[in-house]
Protein chains: 2
Amino acid sequence: MPHSEKLPSAESVEISGDETRRIPKAVVKRLSLYSRVLQSLERDKVDKVSSTDLADLLGLNSAQVRKDLATFGQFGIPGYGYQVTELRKRIKQILGTDRDIPVALIGVGHLGTALLSYAGFQRQGFRVICAFDVALNPSEHSRLPVPVYIVDELEPRIAAHAISMAILTVPQEAAQEITDRLVAAGITAILNFVPMRLRTPEHVKVHYVDLAIEMESLSFYLK
Amino acid sequence: MPHSEKLPSAESVEISGDETRRIPKAVVKRLSLYSRVLQSLERDKVDKVSSTDLADLLGLNSAQVRKDLATFGQFGIPGYGYQVTELRKRIKQILGTDRDIPVALIGVGHLGTALLSYAGFQRQGFRVICAFDVALNPSEHSRLPVPVYIVDELEPRIAAHAISMAILTVPQEAAQEITDRLVAAGITAILNFVPMRLRTPEHVKVHYVDLAIEMESLSFYLK
DNA sequence: TAGATTGTTAATCGATTAACAATC
DNA sequence: TAGATTGTTAATCGATTAACAATC
């Protein structure tokens with residue numbers, strides 16, 4: 001059997017700490033959506049929002065919104081709704097994005113380069129603070145907003161900055177080896193753009209962004 | 001209510017033609033995964049595969065694999081399994097990727113540029129044959145593998161090449177206007193990288209690739 | 001024929017939605 | 001108080017999985 005590719009499989013997560021509950025993955029993803037909508041409401045100086053408003057903005061059902069939010073405690077005021085700023089803060093806290101998160105990117109090719117300059121990450125508090133590649137290219141790399149190091153330096157640099165999140169944009173052949181090294185270096189979350197399944201220990205969470213699969217399944221709907 | 005962002009909502013599709021069935025979205029996505037695994041099996045000269053093999057390769061349940069495949073007809077041979085090449089061909093046919101598909105890309109910024117050089121699209125038969133931006137930059141654009149046109153030429157160029165699929169990587173402010181023009185020009189499928197909900201008519205299918213949301217929901221899992 | 005594996009039905013599981021008492 | 005909207009329970013819906021007769 002040649003090489004194994006895998007769908008992200010686990011459908012829910014165990015929250016450790018004071019409570020051991022299963023949080024559906026879909027709820028977590030919607031939480032980030034709520035967070036973004038709330039940010040934009042905040043910019044527009046809206047201070048109150050109901051589950052129906054949020055549902056309309058996101059194309060969801062209002063009961064689902066209330067249920068999602070109630071998963072983590074009682075955030076709303078019956079008869080009133082939710083306070084935009086407070087709700088946004090609490091959601092960001094739950095997601096862990098109430099502080100800047102240092103990130104490493106490995107593989108400074110076309111896609112990696114583009115992601116290094118992607119403002120959307122910055123905006124949500126993700127700081128790509130170092131990048132790695134097999135070869136340095138000072139004339140190209142000096143234009144980038146972050147330092148690029150040779151991949152040999154992966155472990156010490158990741159340790160030095162206490163980074164636990166990585167973006168993987170290396171060629172397929174290198175992906176598993178780099179993943180193993182990232183995991184050994186203490187990385188516990190990977191945003192993977194390489195179209196293959198990564199083998200990782202239980203405690204490491206991988207999100208797959210598979211552009212070719214997105215395109216191919218989209219083409220099914222071409223009329 | 002300021003601006004509305006939306007989750008892709010429809011959970012299944014109506015197949016028009018000889019049969020009117022509802023195909024769950026998840027099935028279509030897995031179909032593309034099967035297609036890729038089958039391609040790789042084919043490269044490795046494997047000519048037979050069972051639902052259990054496919055399930056193992058993709059981390060799925062073998063009953064699910066059989067059910068998915070049976071959605072579209074009887075592809076397998078009881079007691080034997082599936083013929084790799086035949087199955088791959090039929091899946092590509094179902095997905096509509098048994099032929100090259102012309103694609104337009106709008107917004108030649110960092111991400112757009114990266115995607116223009118992304119080999120994964122080519123490999124699955126997607127041909128980005130023209131790109132558009134608000135401003136031409138001959139010195140930069142001449143290095144790209146496809147011609148870049150000024151966005152004014154959107155409609156005639158799309159018509160000339162009979163393109164019905166587009167990749168959208170424009171700034172948020174431009175996204176809805178460009179979408180409207182794409183739809184009017186005959187585009188029916190959009191791979192959207194802009195982090196906002198696009199309003200489109202029923203017959204247009206949009207897939208959302210939301211990198212910031214992926215990152216943010218991933219950070220929830222940081223231990 | 002014996003062994004393997006499909007296609008499919010029925011059972012299970014989980015997620016979404018409707019409805020409503022509680023409450024501001 | 002009357003009106004609005006939450007949190008939550010129960011009902012619905014859909015997707016996944018187990019099991020197995022049919023079949024190669």
Side-chain angles (χ1 to χ4, degrees), chain A residues 1 6-14 19 21-31 33-34 38 41 46-84 86-87 90-91 94 217, chain B residues 1 6-14 19 21-31 33-34 38 46-84 86-87 90-91 217:
Chain A
M1 214 130 285
K6 187 175 190 161
L7 271 178
S9 52
E11 275 315 308
S12 55
V13 231
E14 188 102 342
E19 316 172 288
R21 279 171 309 185
R22 306 219 131 251
I23 312 293
K25 234 173 151 177
V27 172
V28 175
K29 189 153 284 183
R30 286 196 296 267
L31 233 43
L33 288 165
Y34 300 144
L38 289 166
L41 289 170
V46 178
D47 45 39
K48 184 200 110 136
V49 75
S50 71
S51 57
T52 311
D53 295 339
L54 284 173
D56 290 347
L57 285 166
L58 290 160
L60 305 171
N61 177 291
S62 71
Q64 184 168 57
V65 172
R66 290 195 297 280
K67 200 162 209 265
D68 284 350
L69 297 178
T71 312
F72 300 95
Q74 313 216 145
F75 294 178
I77 304 162
Y80 174 86
Y82 302 85
Q83 310 256 193
V84 170
E86 198 216 317
L87 184 59
R90 299 190 66 172
I91 290 179
I94 291 161
S217 61
Chain B
M1 217 130 283
K6 189 175 187 162
L7 269 179
S9 54
E11 277 314 308
S12 56
V13 232
E14 188 104 341
E19 314 171 291
R21 275 171 312 184
R22 306 217 132 252
I23 311 294
K25 235 175 153 178
V27 172
V28 175
K29 189 151 284 184
R30 286 196 294 269
L31 233 44
L33 287 165
Y34 299 146
L38 289 165
V46 178
D47 45 40
K48 182 200 110 134
V49 73
S50 71
S51 57
T52 311
D53 295 338
L54 284 174
D56 290 348
L57 284 167
L58 290 160
L60 305 171
N61 176 290
S62 71
Q64 183 168 57
V65 172
R66 291 196 296 281
K67 200 159 209 267
D68 285 349
L69 297 179
T71 310
F72 299 94
Q74 314 218 145
F75 295 177
I77 305 161
Y80 174 86
Y82 302 85
Q83 310 255 193
V84 171
E86 199 215 318
L87 184 59
R90 299 190 66 173
I91 289 178
S217 62

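We use all heavy atoms of the structure for the numbers below, so side chains are in, but hydrogens, waters and symmetry mates are not. Residue numbering restarts at 1 for every chain, and letters A, B, ... go by the order of the sequence lines.
The side chain of B:Lys48 places an N or O atom within less than 4.0 Å of a non-bridging phosphate oxygen (OP1 or OP2) of C:dT5. Distances shown here put a side-chain N or O of B:Tyr82 below 4.0 Å from the OP1 or OP2 atom of C:dG7.
Look at CG on B:Leu54: it is 12 Å from P on C:dG7, rounded to the nearest Å. Taking atom CG of B:Leu60 as the reference point, atom C1' of D:dT17 lies 12 Å away to the nearest angstrom. The distance between atom NZ of A:Lys67 and atom P of D:dT6, rounded to the nearest whole Å, is 16 Å. Rounding to whole angstrom units, CD of residue B:Gln64 and C1' of C:dT5 are separated by 18 Å. Rounded to an integer number of Å, the gap from CG of A:Asp68 to P of D:dG7 is 12 Å. Between the CZ atom of B:Phe75 and the C1' atom of C:dT6 there is a distance of 13 Å, rounded to whole Å. In this structure, CZ of B:Arg30 is placed 9 Å from P of D:dT17, rounded to the nearest angstrom. Here the P atom of nucleotide C:dT12 and the CG atom of B:Asn61 are 15 Å apart, to the nearest Å.
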- Note on the structure: Reading nucleotides 19-24 of chain C from 5' to 3' and marking B where a protein heavy atom lies under 4.0 Å of the base, S where only the sugar-phosphate is that close, and - otherwise, the string is B---BB
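Between A:Pro78 and A:Gly76, the shortest heavy-atom contact is CD-O, 3.8 Å. Across all non-hydrogen atoms, the minimal contact from A:Tyr34 to A:Asp68 is OH-OD2, 2.6 Å. Closest approach of B:Val84 to B:Leu38, counting heavy atoms only: CG1-O, 3.6 Å. For A:Leu54 against A:Val49, the heavy-atom pair with the smallest separation is CG-CG2, 3.9 Å.
Within the model, atoms CG of A:Asp53 and OH of A:Tyr82 stand 11.0 Å from one another, a figure rounded to the nearest 0.5 Å. To the nearest 0.5 angstrom, B:Gln83 atom CD is 4.5 Å from B:Ile77 atom CD1. With rounding to the nearest 0.5 angstrom, the NZ atom of A:Lys67 is 10.0 Å from the CZ atom of A:Arg30.
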Using distance only, find each side-chain donor-acceptor pair of residues 58-65 of chain B under 3.5 Å and give its atom names and separation, not counting sequence neighbours.
{"unit_1": "B:Asn61", "atom_1": "OD1", "unit_2": "B:Ala63", "atom_2": "N", "d": "2.7"}
{"unit_1": "B:Asn61", "atom_1": "OD1", "unit_2": "B:Gln64", "atom_2": "N", "d": "3.4"}
{"unit_1": "B:Ser62", "atom_1": "OG", "unit_2": "B:Arg66", "atom_2": "NH1", "d": "3.3"}

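Comparing C:dG7, D:dT17, C:dT5 by their nearest atom to the side chain of B:Ala70 picks out C:dG7.
Among the heavy atoms of the strands lying under 4.0 Å from A:Gln74 are primed sugar atoms or P, OP1, OP2 only; no base atom is included. Residue contacts for A:Ser51: at a heavy-atom cut-off of 4.0 Å it reaches the sugar-phosphate backbone alone, with no base atom in range.
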- Message: Pairs counted only when both distances fall under 3.5 Å, Watson-Crick or G-U: show me the 5' to 3' dot-bracket for DNA chain C, [ ] for pseudoknotted crossings and | for other-strand partners.
- Response: ..||||||||||||||||||||||
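Sorted pairs that involve residues 72-81 of chain A and meet salt bridge (charged side-chain N to carboxylate O under 4.0 Å, His left out), not counting sequence neighbours, are lacking altogether.
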